Amino acid sequence: MSKKIAGVLTAIVTPFDSDGAFNPVALRQQINRQLAAGNGIFCGGTNGEFFVLNEQEKVAVTATCVDEVAGRANVVAHIGEISTRETIRLGKQIEKLGVDAVSVITPYFVPLKQNELITHYTAIADALSVPVFLYNIPARTGNTLEPQTVRTLAAHPNIIGIKDSAGSYESLSGFLNAVKDIDNFDVLNGPDPLIHQGFVDGCSACISGLANVAPKEINAIWSHFNAGDIAASHAAQESFTGLRTDLYKVAFSPAAVKKALQILGQDVGDSRYAVEFNKQQIEQIEKVIYTYLQ
């Protein structure tokens with residue numbers, strides 16, 4: 001890996017044009033907006049709508065990110081698919097593009113035992129040359145990585161960490177405690193409300209969907225913490241925790257995030273899944289934005 005994954009990585013949206021096709025020009029604009037705030041890039045995740053992108057689009061999104069970032073920040077790409085075989089297939093294409101690491105959600109739809117998850121991730125890490133992050137998001141996959149399972153997988157030389165998006169402090173702290181004595185294995189925080197606490201407890205980075213909307217404000221949580229001003233980091237967190245809560249009351253991300261970006265004048269297009277925002281919902285999002293982003 002060319003550089004340690006640290007600080008804020010934005011779970012960047014995948015912009016679409018008026019016909020619903022991938023818009024690389026708009027993605028480059030969003031990348032530079034994030035880089036200007038000091039954030040790295042996490043592409044092809046939930047906010048990147050990986051679940052509605054085909055394989056060619058996933059590769060194109062990642063290639064655009066790597067090319068535009070041009071070594072100025074970390075780029076991590078999500079490659080998780082429903083099967084081990086398809087994850088490896090996509091991963092072999094993505095690793096050629098020059099990403100710093102990849103992340104892999106657990107398989108979904110089929111409930112798996114912990115030993116089956118170990119087999120899955122071991123096969124992927126064995127097959128790829130690019131470093132691998134485990135990705136725990138049980139609300140979306142139906143499969144949960146347990147702390148002891150993660151500890152077991154941390155022994156693999158090509159598995160370098162876990163991104164936890166379970167949404168609770170109990171889950172995040174469970175992983176941090178399980179691997180606290182393991183060198184070169186990092187825990188990345190997924191939920192925006194836990195960014196500050198994650199850094200305090202030992203997370204090396206956060207993956208923030210909210211940073212699409214508030215890149216500088218989310219980065220402030222990290223930059224204050226990294227400078228040793230824990231109180232300012234906590235205050236920055238407290239200022240924007242409500243943004244996520246209020247925004248996601250209107251609609252699920254990334255639809256709500258994209259609509260918020262449009263209101264802010266950003267050309268990212270609509271989400272590909274069916275969300276029709278009525279006038280009241282748009283007014284709600286406008287109110288949320290202007291409450292928190294003054």
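This chain uses plain numbering: 1 for the first residue, then up along the sequence. Just so it is clear, the model here is predicted, and its values are computed rather than measured.
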Polar side-chain atom of [X] near backbone of [Y] as donor-acceptor pair, under 3.5 Å:
X: Lys258; Y: Asp270; value: yes
X: Thr149; Y: Leu145; value: no
X: Glu95; Y: Ser129; value: yes
X: Asp19; Y: Ala21; value: no
X: Asp100; Y: Lys4; value: no
X: Asn39; Y: Pro215; value: yes

Sort out for me which residue in Thr144, Thr141, Asn143 forms a side-chain hydrogen bond (donor to acceptor under 3.5 Å, both in side chains) with Thr106.
Thr141

When the ring planes of Tyr135 and Phe42 are compared, do they come out parallel, tilted or perpendicular, using 30° and 60° as the limits?
perpendicular

Give the intermediate values and the outcome of side-chain hydrogen bond (donor to acceptor under 3.5 Å, both in side chains) for residues Thr241 and Gln237.
CA-CA 6 Å; Thr241 295; Gln237 174 76 70; 3.0 Å; yes

Which value, rounded to the nearest 0.5 Å, describes the distance between Glu57 atom CD and Glu49 atom CD?
10.5 Å

CZ on Arg33 to CD on Gln266, rounded to 0.5 Å
4.5 Å

Short N-O contact, Arg28 and Asp67, less than 4.0 angstrom
yes

Salt bridge check: are Asp181 and Arg151 linked by an N-O gap of less than 4.0 Å?
yes

Shared ILVMFWY cluster between Phe109 and Ile124, side chains joined below 4.5 angstrom?
yes

